[in-house]
There are 2 protein chains.
Amino acid sequence: MRTPLHPPIEDVGLAGVLSALGDPVRLRIVRVLADGEEHLRPDFDVPVGQSTLSHHMKTLRDAGVVLSRPEGTRCFVSLRPELEQRFPGLVAAVLRNLEGATGPAADH
Amino acid sequence: MRTPLHPPIEDVGLAGVLSALGDPVRLRIVRVLADGEEHLRPDFDVPVGQSTLSHHMKTLRDAGVVLSRPEGTRCFVSLRPELEQRFPGLVAAVLRNLEGATGPAADH
DNA sequence: ACCTTTCATCGATGTTCATCGATCATAGAT
DNA sequence: ATCTATGATCGATGAACATCGATGAAAGGT
């Protein structure tokens, strides 16, 4: 667990956030995170391998969506709180529209 | 002006919409469209060539964000109204956070 | 008939991205 | 010191994407 580098919040751009959220796997991650709590990897049951999950985590982290807090060998992940001040209502709006709909074929 | 094919609204997915919006050029397009009016190509002053603009339009159209209405040789573009029922508050939230910030380097 | 405008499409190119398996680094336990 | 668990990183591969210039199609004007 080396570098939990989070970009400064002023470097976080809207396009980057939306792009990071524009993926079914990452939306599922965010859905789990929606309760505001910290979560560990096993909580995200996404249909990808471990290394791919790691990649998606990095994508969310680099985009400023997610916060990683390594502790020992594990890594607690949570929604980045400053995002709300940066883009008020944005994450909330996404979360509200997230129920059961992460993809075009997910609403039946 | 051949095929103004819009996907049925029930096929429009959240990930697709967010992904389509996750691009600086397309965000600029959406910003112009934010007034609810129809617009023509010259209204979008984006730093890309004509064919690339066309491509971005198709991306937005395929994602269900935008509506194309060909008329004669021109093509009127507007925000797709059904998106509001589909994902209430989503576009509004993006639009509210759009002022002057389409990218990480756009806030100085 | 011809030219012009407006937009879509095609073909090509270079970049980014999702994915995987394998390896490496770290921390904790034995 | 060794083993184990967790997650990051590396290398490779195929897919998707942004971009461009050139060409094509449709409608209007001369």
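Just so it is clear, the values below take in all heavy atoms, side chains as well, and ignore hydrogens, waters and symmetry mates. Each chain gets a letter, A, B and so on, in the order its sequence line appears, and its residues count up from 1.
For D:dA26, neither phosphate oxygen OP1 nor OP2 lies less than 4.0 angstrom from any side-chain nitrogen or oxygen of B:R74. The phosphate of D:dC20 (OP1 or OP2) has a side-chain N or O of B:T52 nearer than 4.0 angstrom. Distances shown here put a side-chain N or O of B:R61 below 4.0 Å from the OP1 or OP2 atom of C:dA8.
Rounded to whole Å, the distance from CD on A:E71 to P on C:dA27 is 12 Å. A:K58 places its NZ atom 22 Å from the P atom of D:dT6, with the value rounded to the nearest Å. If you measure from atom CG of A:D62 to atom P of C:dT16, you get 14 Å, rounded to the nearest angstrom. Distance A:L5 CG to D:dG7 P: 18 Å, rounded to the nearest Å. Here the P atom of nucleotide C:dC17 and the CG atom of A:L60 are 13 Å apart, to the nearest Å. As rounded to whole Å, 14 Å separates atom C1' of C:dC17 from atom CG of B:D23. Counting to the nearest Å, the C1' atom of D:dA18 and the CE atom of B:M57 are 15 Å from each other.
B:L33 pairs in a side-chain contact (heavy atoms from CB on, under 4.5 Å) with only one of the listed residues (B:D43, B:V77, B:L60, B:L95), which is B:V77.
Not counting sequence neighbours, B:E84 has no partner by the salt bridge (Lys or Arg N to Asp or Glu O under 4.0 Å) test. When the side-chain contact (heavy atoms from CB on, under 4.5 Å) test is applied to A:D62, the partners found at least two apart in sequence or on another chain are A:K58. Listed by chain and number, the residues in a salt bridge (Lys or Arg N to Asp or Glu O under 4.0 Å) with A:R96 amount to none (sequence neighbours excluded). Residues passing the side chain to side chain donor-acceptor pair (under 3.5 Å) test with A:Q50: none are found, sequence neighbours excluded. With sequence neighbours excluded, no residue satisfies salt bridge (Lys or Arg N to Asp or Glu O under 4.0 Å) with B:E37. Legend: residues meeting side chain to side chain donor-acceptor pair (under 3.5 Å) with B:H55, ordered by chain and number and at least two apart, are absent. Listed by chain and residue number, nothing satisfies the salt bridge (Lys or Arg N to Asp or Glu O under 4.0 Å) test with A:R26 (two or more places apart in sequence, or in another chain). Looking at residues two or more places apart in sequence or on another chain, you find a side-chain contact (heavy atoms from CB on, under 4.5 Å) between B:P81 and B:L67.
Listed candidates were C:dT9, C:dT19, D:dT9. Nearest to the side chain of A:V25 is C:dT19. Of all nucleotides listed (D:dT19, D:dC20, C:dA18), D:dT19 comes nearest to the side chain of B:H56. Taking the side chain of A:S54 as heavy atoms from C-beta on, and the options C:dC7, D:dC20, D:dG7, the nearest nucleotide is D:dG7.
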Quick test: give all pairs of protein nitrogen or oxygen and nucleotides 28-30 of chain D nitrogen or oxygen below 3.5 Å, distance rounded to 0.1 Å.
none

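In this structure, the helix from C:dA1-D:dT30 to C:dT30-D:dA1 shows an angle of 10° between the axis at its start and the axis at its end, each fitted on 5 base pairs and rounded to 10°.
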B:V91 vs B:V65, side-chain contact (heavy atoms from CB on, under 4.5 Å): CA-CA, chis, key distance, verdict: CA-CA 9 Å; B:V91 175; B:V65 176; 5.8 Å; no
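Within the 4.0 angstrom heavy-atom criterion, base atoms lie near A:H55.
Listed by residue number, A:R41, A:Q50 are the residues of residues 32-50 of chain A with a heavy-atom contact under 4.0 Å to DNA chain D.
Atom-to-atom distance recorded for A:R41:CZ and A:R74:CZ is 12.5 Å, nearest 0.5 angstrom.
The hydrophobic cluster around A:F76 extends to A:L40, counting ILVMFWY residues whose side-chain heavy atoms fall within less than 4.5 Å of a member.
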